[in-house]
Amino acid sequence: HTPDHVRTESEQLEEDARNFLHELDVKGSEECTVATMTSWNYASDITEKHKKEKAAAELKYAEWEKEAWERVRKWNGKWETLSDPYLKRQFKFMSILGTAALPKHDLEKYNNLVTEMSTVYSTAKICDYKNPRSCKLELEPDLTKILRTSRDYDELEHVWKMWRYNTGRRIRDHYKLFVRLANKAAKLNGFDNMGDMWLYPYESDTFRDDLAELWQQLNPLYQQLHAYVRRKLRQKYGEHYVTRRGPIPAHLLGNMWAQNWGHIYDLAIPFPHKASLDVTPQMVSKGYTPRRMFELSEEFFVSLNLTRMPPEFWQHSIIEKPQGRDLVCHASAWDFCNAKDFRIKQCTEVTMNDLITVHHEMGHVEYFLQYQNLPKAFRDGANPGFHEAVGDVLALSVSTPKHLLKIGLLNEVQDDPEADINFLLSMALSKITFLPFGYLIDLWRWDVFSGKTLENDWNCAWWDLRYKLQGIKPPVQRSEYDFDPGAKYHIPGNTPYIRYFVSFVVQFQFHKALCIKAGEYDPLDPSKPLHKCDIDHSTEAGNALGDMLQLGSSKEWPEALEILTGTRKMDASVIREYFKPLELWLAKDNERHGEFIGWETDEILCTSEVVKKTAKSEEGVAASDGVVVGGGSA
Ligand SMILES: C[C@H](N[C@H](C(=O)O)[C@@H]1CCCN1C(=O)[C@@H](N)CC(=O)O)C(=O)N1CCC[C@H]1C(=O)O
Ligand SMILES: [Zn+2]
């Protein structure tokens, strides 16, 4: 036998590879902690000082990434011969350098553009419609509250228009430079453009086709819901504003981007004499606080035998909007790469919608916790869509009337077909309405990165997609003077978006698998339909979910999906099964009202000219100059 100190050559190579990767892993995590901390400081307190510190830290981190990448490259030709797939996969991921491949001055410009666009978005304020002297309204909580609660057509139009005037329009030129530098970085990484580089984590060369197929399967259900909601909005606002066969004006849907129509549930509820399922009033009357909302979410994870939040989480998270300073209020979850410090930053309001967002963000942290001991190269979702799905899966259980009764937010559950339709409609107003939006954001961006959409067509290409997929239109005509994509966080924030579309499909596949494990769903038992399942306190379900989350990105996502659900493919039939009773009801209801399914228009939604509007005509200019325009009744 060979003495144990004499290894074969391949065993020696494997031993060296392990030591090499471990050393990079330790150093990489330390560098990541420093960079993340300065990013947190900027995002939670936007000042010149924090911006500078963040810019410096980003350059320093890029230097480390470049050094690590050059050391990995020295293993080219060797790492591919390793027998252990776990090691090979780490080398594969670490062979992609990212934007750090840019020359330093380009990278500095790129980073500053992203920070500048984010700052414009996060600090934008507009003048109040009713009181044009007050010009300090912010997106959170002011504008989201108006979009949620106002039923004043003109006030909604003012807010919708002015938000875009003070955000998207102001970063259009930044974005031009950003796209060029992003594509330069992509090419340095061997990709044709940044859109292709963004799809790399999905490890599939049929990914775009698979997405198109999913949308085809889901579009019919969306069209039925769209027709039904259009009728309800026509009843509310009149045929002049909401026509029988036309697209829906985008500012009437309860949300600044028309991505979630949950806040117009009161206008659309099918059976008004049945209990409303928006438990916001109960949350307020029971004295819910943001802290209580986070603890409620944590309790759900713990009831599934998943991991509790560490002390640092409660110590350092920001869960209520701090007063007296600018910050990025858009909710986010943070992993500080040290298996200790995990945070959420959220300007939480006491509403049901925010309770769902709390679960969404906590889902990210739970994933961070489940894979915290993996090598850094594997500390990601199996694909980015999986990361977006974790919290939403739990929220599917929390949203059920049965669960809301359990936690005292409903005092009775009516178990009858009409109550069922009311519930399914409330779910569809956030889950089905989101699908075309979740798909089109990166359809637009992929075409921008690939050059298929030219700079002069950016805004009208956006409205083509918004019209074609969502069946909505801008309340006022748009032009290439505007840049409406820039009014949505993820564009200035440079966060890919297709992950959310993937999540909204796979979260129902996860839900179904977990409900079977929890004994809460049985396809053959009509008393246990998928939409009534609540997995809370099921350790079988929790352990199965945990087993998948612990893989991080160490396995290709079809394998991770198979471990949990038994299938290797994204499958739209599960979300359609969940909403089946509603789909049948909508088809009948639309038929009964002779509703036109789909939309058409001969309006020009967006002109390709640059129609420059003078500031006066656009802004609710302060009354100090005596002329109040666009501000409604003085
Ligand atoms: C409210 C939520 N904020 C994002 C999220 O939580 O995904 C934030 C901002 C961008 C990335 N991000 C993170 O927190 C990441 N660090 C998570 C990770 O680690 O991958 C969000 O943007 N959502 C939720 C529903 C649809 C979409 C929207 O609101 O349009
Ligand atoms: Zn998310």
Side-chain angles (χ1 to χ4, degrees), residues 32 35-36 39-40 42-44 114 117-118 121-122 139-140 143-144 147-148 198 201 253-263 293 297 313 317-319 327-337 341-349 351 353-372 376 379-396 430-442 444-445 470 485-507 549 552-553:
C32 168
T36 307
S39 180
W40 170 271
Y42 157 77
S44 48
V114 174
M117 292 192 290
S118 283
Y121 180 92
S122 293
L139 178 66
E140 295 187 42
L143 306 188
T144 37
L147 266 293
R148 179 175 74 230
W198 277 3
L253 291 160
N255 173 278
M256 182 62 89
W257 308 279
Q259 72 182 68
N260 175 331
W261 303 356
H263 290 132
M293 292 158 70
S297 177
F313 173 83
S317 290
I318 294 175
I319 63 173
L327 76 155
V328 177
C329 251
H330 189 89
S332 54
W334 296 66
D335 180 346
F336 284 80
C337 314
D341 196 349
F342 304 90
R343 304 178 194 180
I344 286 172
K345 177 170 52 59
Q346 181 173 341
C347 302
T348 314
E349 299 286 300
T351 66
N353 188 61
D354 273 22
L355 181 62
I356 302 299
T357 303
V358 165
H359 282 79
H360 179 90
E361 299 309 332
M362 293 283 269
H364 285 305
V365 180
E366 189 59 40
Y367 217 154
F368 298 153
L369 292 168
Q370 290 292 327
Y371 60 52
Q372 63 183 301
K376 186 170 176 297
R379 294 206 296 263
D380 279 311
N383 77 38
F386 280 44
H387 228 299
E388 299 308 333
V390 179
D392 286 13
V393 165
L394 273 73
L396 285 174
S430 55
K431 294 297 180 183
I432 302 299
T433 58
F434 181 83
L435 294 168
F437 182 80
Y439 187 30
L440 73 84
I441 298 257
D442 282 354
W444 179 83
R445 269 192 293 198
Q470 284 189 275
K488 172 61 193 170
Y489 174 85
H490 298 67
I491 304 281
N494 189 34
T495 304
Y497 209 83
I498 201 64
R499 59 184 60 180
Y500 300 105
F501 179 80
V502 170
S503 159
F504 274 55
V505 172
V506 298
Q507 68 184 242
L549 300 181
S553 58

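Nothing fancy with the numbering, it's 1 onward along the sequence. Counting convention: from 1, in listed order, for ligands and their atoms alike. Because the structure is predicted, anything quoted here is derived from the model rather than measured.
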Check: Is it true that the side chains of H364 and E388 contain a donor and an acceptor less than 3.5 Å apart?
Finding: yes
Checklist line | Q507 and S503: side chain donor to acceptor below 3.5 Å | finding: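 The criterion, which ignores hydrogens and geometry beyond distance, is satisfied for S503 and Q507.
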Please output the side-chain donor-acceptor pairs of residues 253-260 that fall under 3.5 Å, not counting sequence neighbours, one pair per line with the distance.
| from | atom 1 | to | atom 2 | distance (Å) |
| --- | --- | --- | --- | --- |
| N255 | OD1 | W257 | N | 2.7 |
| N255 | OD1 | A258 | N | 3.0 |
| N255 | OD1 | Q259 | N | 3.3 |
| W257 | NE1 | A487 | O | 2.7 |
| Q259 | OE1 | K488 | NZ | 2.9 |
| N260 | OD1 | G262 | N | 2.7 |

Item checked: Neighbouring protein residues of ligand 1 - any heavy atom closer than 4.0 Å -> Q259, H330, A331, S332, A333, H360, E361, H364, F368, E388, K488, Y489, H490, T495, Y497, Y500
Check: Angle class for the F434/F504 ring planes (parallel below 30°, perpendicular above 60°, tilted otherwise)?
Finding: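 F434 vs F504 ring planes: parallel.
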Next item on the list: Name all residues meeting the side chain to side chain contact (heavy atoms under 4.5 Å, CB included) criterion together with N494; count only those two or more places apart in sequence or in a different chain, and write none if there are none.
Entry: Y110, V114, F178, W198
Item checked: Test of ring centre spacing under 6.0 Å for H490 and Y500 ->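 Aromatic pair counts; centres sit under 6.0 Å.
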Next item on the list: Would you please indicate if the ring centroids of Y497 and F501 are separated by under 6.0 Å?
Entry: no
Check: Would you call C337 and T36 a side-chain contact if the rule is heavy atoms closer than 4.5 Å?
Finding: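 Result yes, sub-4.5 Å side-chain heavy-atom pair found.
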Note to self: If you define the side chain from C-beta out and look only at heavy atoms, does anything of V328 sit under 4.5 Å from S118?
What the structure shows: no
Check: Under 2.8 Å from the Zn ion (ligand 2), which protein atoms of type N, O or S occur, listed by chain and number?
Finding: H360 NE2, H364 NE2, E388 OE1
